Asks: 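Below is one structure. I have some questions about it.
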Amino acid sequence: MSRALIIVDVQNDFCEGGSLAVSGGAATAEAISELLAETDFDAVATTRDWHIDPGNHFAAEGAEPDYVKTWPAHCVARTPGAELHENLETEDIDAEFLKGMYTDGYSGFEGRLGSPDAVPSGKRENMGADDGSAAIAENAPDLDEWLRAEGIDELYVAGIATDHCVRATVLDGLEAGYEVTVLTDLIAGVDETASAEALDEMADAGAQLMDSQDL
Ligand SMILES: [Zn+2]
């Protein structure tokens, strides 16, 4: 078996101080870095929300987000909010997958290989013609294609948020035929009840739930 660690959306906007802060996000980033220092994976990939115009995923101007289907603007491509959190050690990360340019993009399996750090972050109005779409090359592989090329059959999933992008990524990973383990001490959720339900749903679909200490 060859195993990959998939780090879901450990981005500034999903951590304390961000526009869609998830409680425990910064600590999750730090704990994932400790795991990376102690444990060898055959491949390590991150996903990032990389929104350009995701339609009604962002609540309309002046409307209250419902925090279920509509959200405050977050992780806009080429802004500091879309960058990985500074507590996440990036040395061992092999590839980044960007998702949600024009959709809600909950699942990492919607992501395509990209180079988000090739373009500087700043204020959206100063970005000129490059809205962030150039971070993904024309023929870039999606996450599934990349994992198969790496010979990966086993996924360990950590990150944010348990009840949304972690959930969607895990369910799609199972659907695609991978063995999937959720590292339950390395995830953070938006809503406590929804996160507990999401863990049940992932387990029912065939995911293993494991503490990273037991790896
Ligand atoms: Zn989003």
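All values derive from a computational prediction rather than experimental measurement. Ligands are counted one by one from 1 in listed order, and the atoms in each one are counted from 1 as well.
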Asks: Is there any salt bridge (charged side-chain N to carboxylate O under 4.0 Å, His left out) pair reaching into residues 198-215, and which pairs are they, with sequence neighbours excluded?
Replies: Arg167-Glu201
Asks: With a 3.5 Å cut-off and sequence neighbours excluded, list the donor-acceptor pairs that the side chains of residues 177-186 form with protein atoms.
Replies:
| residue | atom | partner | partner atom | Å |
| --- | --- | --- | --- | --- |
| Tyr178 | OH | Asp144 | O | 3.4 |
| Tyr178 | OH | Asp144 | OD1 | 2.7 |
| Thr184 | OG1 | Met210 | O | 3.2 |
| Asp185 | OD1 | Ser212 | N | 2.8 |
| Asp185 | OD1 | Ser212 | OG | 3.3 |
| Asp185 | OD2 | Ser212 | OG | 2.6 |

Asks: Using side chain to side chain contact (heavy atoms under 4.5 Å, CB included) as the criterion, point out the one residue from Val8, Asp9, Asp191, Val190 that pairs with His164.
Replies: Val190
Asks: If you compare all heavy atoms of Gly105 against all heavy atoms of Lys99, which two are closest, and at what distance to 0.1 Å?
Replies: O-NZ, 2.9 Å
Asks: Please indicate how many protein N/O/S atoms are found closer than 2.8 Å to the Zn ion (ligand 1), with waters neither displayed nor included.
Replies: 4
Asks: Hey, can you pull the donor-acceptor pairs under 3.5 Å for the side chains in residues 149-159, sequence neighbours left out?
Replies:
| residue | atom | partner | partner atom | Å |
| --- | --- | --- | --- | --- |
| Asp153 | OD1 | Ser2 | N | 2.9 |
| Glu154 | OE2 | Tyr156 | OH | 2.9 |

Asks: Please check if atom CD in Glu145 has more than 12 non-hydrogen atoms from other residues, nucleotides or ligands closer than 6.0 Å.
Replies: yes
